[in-house]
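Below is one structure; the comments refer to it alone.
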Amino acid sequence: MRTASQQRDTAETKINLSLNIDGSGKNQIDTGIPFFDHMLTLFSRHGLINLEVKVDGDVEVDFHHTVEDTGIVIGECIKEALGDKKGISRYGHAYLPMDETLSRVVVDLSNRPHLEFKFAQGTPDAQNFPFSLVEEFFRAIACNLRANIHAEVLYGRDGHHIAESLFKGLARALRIAMEHDPRVIGIPSTKEVL
């Protein structure tokens with residue numbers, strides 16, 4: 001089983017997190033932000049990542065530090081759980097419909113962090129969660145997992161559906177990229193290192 005655990009303590013957040021990327025999507029999540037808990041539950045379930053998260057953050061200031069720092073720790077833990085990446089598929093993608101919304105997320109576990117995050121100007125927030133924090137979460141994952149992630153909202157009107165489509169899309173794309181492919185010998189790169 002590919003697992004990792006971390007604690008992160010700062011002046012803004014205290015995080016205890018463990019995950020298993022060969023899981024079944026079981027989760028126990030408490031970030032102090034109900035909408036973010038919902039998104040991480042979807043991320044766990046659709047990525048088949050067993051995820052336990054407990055965050056005490058400065059949510060009285062705003063949600064930014066909790067969301068970003070949780071993304072940092074998830075990214076670091078997935079990177080640790082992947083180990084040397086021998087035999088993985090490396091690339092993954094997902095088109096994710098959510099009612100009127102469609103998004104696309106593409107992942108390369110390349111060890112080269114990069115995020116392209118595209119959306120229409122005026123994309124609505126979810127009722128209790130700024131849309132800008134979805135991008136912050138994706139950036140934290142990309143930088144700390146050291147992955148190349150391209151995410152795009154192709155269309156949508158409801159802020160909840162847009163966020164949900166992106167979180168589920170990231171989960172599905174990662175799930176594909178992290179899977180072992182029995183035909184892959186060693187590292188899936190002509191450089192023979194990722």
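For clarity, every value in this text was computed on a predicted model and none was experimentally measured. Note that these values count all heavy atoms, side chains included, but never hydrogens, waters or copies made by symmetry.
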> Below 6.0 angstrom between ring centroids: does that apply to F63 and F35?
Replying inline: no
> Which heavy-atom pair separates P124 from D158 by the least distance, and what is that distance?
Replying inline: CG-C, 4.3 Å
> Is it true that a side-chain atom of R172 and a backbone atom of A94 form a donor plus acceptor pair closer than 3.5 Å?
Replying inline: no
> Counting heavy atoms not belonging to K86, are there more than 12 under 6.0 Å from its NZ?
Replying inline: no
> Given the rule in the salt bridge (charged side-chain N to carboxylate O under 4.0 Å, His left out) test, do E76 and K79 qualify, once you have shown the distances and angles that lead to the verdict?
Replying inline: CA-CA 5 Å; E76 289 175 344; K79 184 177 187 303; over 6 Å; no
> Which atom names give the shortest non-hydrogen contact between T66 and T31, and what distance separates them?
Replying inline: CG2-O, 3.7 Å
> Is there a donor-acceptor pair under 3.5 Å between the side chain of N50 and the backbone N or O of S24?
Replying inline: yes
>> For Q121, is the CD atom crowded, meaning more than 12 foreign heavy atoms sit under 6.0 Å from it?
In response: no
> When rounded to the nearest 0.5 angstrom, what distance separates CG in D125 from NE2 in H160?
Replying inline: 13.5 Å
> Should V53 and V134 be counted in the same cluster of Ile, Leu, Val, Met, Phe, Trp and Tyr side chains packed under 4.5 Å apart?
Replying inline: yes
> Going through the checks in order, is the salt bridge (charged side-chain N to carboxylate O under 4.0 Å, His left out) test met by D30 and K54?
Replying inline: CA-CA 5 Å; D30 180 9; K54 173 66 174 136; 3.2 Å; yes
> Hey, does the side chain of R175 reach the backbone of G47 with a donor-acceptor pair shorter than 3.5 angstrom?
Replying inline: no
> If you draw a 6.0 Å radius around NE2 in H65, do more than 12 non-hydrogen atoms from other residues or ligands fall strictly inside?
Replying inline: yes
> How long is the gap from CD1 on I187 to CZ on R90, to the nearest 0.5 Å?
Replying inline: 10.0 Å
>> Looking at T13 and I15, would you say the former's side chain and the latter's main chain have a donor-acceptor pair under 3.5 Å?
In response: no
>> I need the minimum non-hydrogen distance between L174 and I78, along with the two atoms involved.
In response: CD1-CD1, 4.3 Å
>> Parallel, tilted or perpendicular: which one describes the rings of H114 and H150, with boundaries at 30° and 60°?
In response: tilted
> Which residue, H46, R104, K168, forms the side chain to side chain contact (heavy atoms under 4.5 Å, CB included) with L96?
Replying inline: K168
>> Is the ring pair F131/F117 parallel, tilted or perpendicular, if the boundaries are 30 and 60 degrees?
In response: tilted
> Under 6.0 Å from the CD atom of Q28, do we count more than 12 heavy atoms belonging to anything else shown?
Replying inline: no
>> On a heavy-atom basis, which atom in S5 and which in C77 lie closest, and how many Å separate them?
In response: C-SG, 4.0 Å
>> Would you say L115 ends up clustered with F119 if hydrophobic residues are merged whenever their side chains have heavy atoms under 4.5 Å apart, either directly or through other cluster members?
In response: yes
> Is there a donor-acceptor contact under 3.5 Å from the side chain of T41 to the main chain of D37?
Replying inline: yes
> Can any side-chain N or O of R2 pair as donor or acceptor with the backbone N or O of M178 at less than 3.5 Å?
Replying inline: yes
> Would a distance-only check, ignoring hydrogens and angles, find a side-chain to backbone donor-acceptor pair under 3.5 Å from S44 to G25?
Replying inline: yes
> If every non-hydrogen atom of D181 is compared with every non-hydrogen atom of S89, which pair is closest and at what distance?
Replying inline: CB-OG, 3.9 Å
> When you measure from the side chain of E100 to the backbone N and O of R157, does any donor-acceptor pair fall under 3.5 Å?
Replying inline: yes
> Would F138 end up clustered with V107 when hydrophobic side chains under 4.5 Å apart are linked, directly or stepwise?
Replying inline: yes
> Could you give the distance from CZ (R139) to OG (S132), rounded to the nearest 0.5 Å?
Replying inline: 10.0 Å
>> Show the nearest heavy-atom pair for residues I21 and L19, with the distance to one decimal.
In response: CG2-CD1, 3.8 Å
